[in-house]
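Quick notes on the structure that follows.
These values consider heavy atoms only, across backbone and side chains, with no hydrogens, waters or symmetry-generated copies. Chain letters run A, B, ... following the sequence lines, proteins first, then strands; residues in each count from 1.
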2 protein chains.
Amino acid sequence: MTRVSKRDQIVEAADDLFYRQGFDTTSFADIAGAVRISRGNFYHHFKTKNDILDSVIAARLANTRAMLADWQVRGDSPAARIGAFIDILLTNRDKIERHGCPVGTLATELAKLNHGAQADAAAIFTLFRTWLRRQFDQMGQGARADDLALHLLARSQGIATMMTAYRDPDFLRRERDALHDWLDGLAPPPTHR
Amino acid sequence: MTRVSKRDQIVEAADDLFYRQGFDTTSFADIAGAVRISRGNFYHHFKTKNDILDSVIAARLANTRAMLADWQVRGDSPAARIGAFIDILLTNRDKIERHGCPVGTLATELAKLNHGAQADAAAIFTLFRTWLRRQFDQMGQGARADDLALHLLARSQGIATMMTAYRDPDFLRRERDALHDWLDGLAPPPTHR
DNA sequence: GCAAAACTAGGACAATTGCCCTAGTGACTC
DNA sequence: GAGTCACTAGGGCAATTGTCCTAGTTTTGC
């Protein structure tokens with residue numbers, strides 16, 4: 001009957017709630033209510049709150065991997081693929097304005113909580129980092145590729161934070177354009193054409 | 001006897017705890033324990049948790065104003081003053097790596113909580129924004145001054161977030177240098193010398 | 001068609017939450 | 001020296017927290 005297993009439903013609901021409200025703020029009751037399960041029933045699926053967090057992070061890792069693989073196939077040049085990364089800020093504008101970047105805000109919250117899963121959360125960043133590094137490498141940036149990847153990640157995170165604080169569409173457009181200009185300026189001058 | 005009033009002690013302790021643990025995670029008991037006061041006694045000073053938050057934000061606004069005024073006096077050129085802003089990332093490196101930027105993380109957390117004081121938290125950003133805008137204006141950037149101020153704020157926020165995720169001193173150094181280069185590149189080519 | 005496994009509801013648990021009240025202390029003013 | 005004030009401790013409030021148990025009901029595999 002259930003197309004998706006109850007466990008996956010719980011993880012999905014927890015993922016959403018952790019993003020919208022934060023990990024610590026979200027209670028068992030919140031998640032149970034979201035999937036219409038009694039609170040006691042919860043224990044059957046997850047022993048502790050940290051178990052849920054682990055599963056949510058694992059799900060985010062899997063989803064991110066899938067998204068990056070998709071971008072890898074769709075974009076027909078490394079620069080175009082990096083462009084797709086930059087444009088998530090536009091695509092998810094509404095959510096980011098209200099709840100920040102899901103990757104950055106989770107990493108920061110877990111750091112504040114001094115939570116053991118902090119390293120796992122940072123691994124989501126590393127997924128993007130490695131993927132971006134490969135694109136920059138294919139653009140011929142060689143040794144600089146990883147630095148550029150980290151730089152772009154930082155730029156995106158900063159834009160996301162300021163989007164949350166100000167919700168200014170002009171700012172977002174300017175910064176997006178600046179990132180694309182930066183990206184274009186990186187490529188060695190084309191010899192053809 | 002008390003050099004600082006108990007109320008100010010509470011605000012100071014709450015400020016620190018809100019930064020290190022987050023607002024929602026910090027309880028009355030935490031703050032009361034930090035200033036060695038009984039939990040019940042707390043009510044005499046602050047009626048609600050939001051009252052404390054308001055006072056903490058007010059204190060942060062005042063402290064930020066004082067810091068900016070200090071930078072204004074000490075730096076002998078607008079570029080030097082902006083340089084001082086950039087270098088807080090180095091100065092506060094340890095704290096930022098563990099708890100993020102106090103301004104950005106509070107704004108983001110309040111956004112997630114859908115908290116009424118979110119605008120007040122953003123006002124701390126505006127303090128920096130206005131101050132930076134004035135510096136860029138004095139550098140002759142005119143109409144671009146506010147855009148540059150926001151851009152620099154975003155860059156700093158992004159660096160702070162990645163510092164928290166990775167704690168990589170090389171990354172921090174590279175990004176700091178890049179910001180200084182960016183700043184130097186902004187100035188119209190000097191005619192004297 | 002039966003036994004094991006998956007799932008469910010309902011409630012209990014000790015602890016903690018934000019909030020509130022009362023009764024008291026000491027210092028200050030007139 | 002009476003009265004006001006800032007401050008304090010201790011406790012109580014209902015609600016919620018994460019965790020856990022028991023006792024049922026489905027679903028599944030053989």
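One distance of note links NE2 of H99(A) with OH of Y19(A); it measures 6.5 Å at 0.5 Å rounding. Going from atom CE of M163(B) over to atom CG of L89(B) covers 6.0 Å, rounded to the nearest 0.5 Å. Taken to the nearest 0.5 Å, the CZ atom of R93(A) stands 6.5 Å off from the CG atom of L172(A). Atom CG of L106(B) sits about 9.5 Å away from atom NE2 of H115(B), to the nearest 0.5 Å.
In this structure, D8(A) atom CG and dC7(C) atom P are separated by 10 Å, rounded to whole Å. Atom NE2 of H45(B) is separated from atom P of dC5(D) by 17 Å (rounded to the nearest Å). Atoms CD1 (I10(B)) and P (dG18(C)) sit 14 Å apart, rounded to a whole Å. When the P atom of dC13(C) is taken as reference, atom CZ of R39(A) falls 14 Å away, rounded to whole Å. Between F46(A) atom CZ and dT17(D) atom P the separation is 18 Å, expressed in whole Å. Rounded to whole Å, the distance from CD1 on I37(A) to P on dT8(C) is 5 Å. Separating the CZ atom of R7(A) from the P atom of dA5(C) is a distance of 18 Å, rounded to the nearest angstrom.
Separation of the F171(A) and H151(B) ring centroids does not fall under the 6.0 Å cut-off.
The closest side-chain donor-acceptor pair between H45(A) and D51(A), if any, does not fall under 3.5 angstrom. Between Q135(B) and Q141(B), the side chains place no donor N or O within less than 3.5 Å of an acceptor N or O (distance only, hydrogens not considered).
Using a 4.0 Å cut-off on heavy atoms, none of the residues of residues 47-54 of chain B approach DNA chain D. Applying a 4.0 Å cut-off to non-hydrogen atoms, none of the residues of residues 16-32 of chain A approaches DNA chain C.
Within the cation-pi definition used here (under 6.0 Å to the ring centroid, within 45° of the axis), K47(B) does not qualify as a partner of F42(B). The cationic atom of K112(A) (NZ for Lys, CZ for Arg) does not lie both less than 6.0 Å from the six-membered ring centre of F18(B) and within 45° of the ring axis. Because its NZ or CZ atom is not both nearer than 6.0 Å to the ring centre of F128(B) and within 45° of the ring axis, R133(B) does not count as a cation-pi partner of that residue.
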Just the atom pairs and distances: protein N or O near nucleotides 21-29 of chain C's N or O, under 3.5 Å.
none

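Hydrophobic clustering (ILVMFWY, side-chain heavy atoms < 4.5 Å, transitive): Y43(B) and F46(B) are in distinct clusters.
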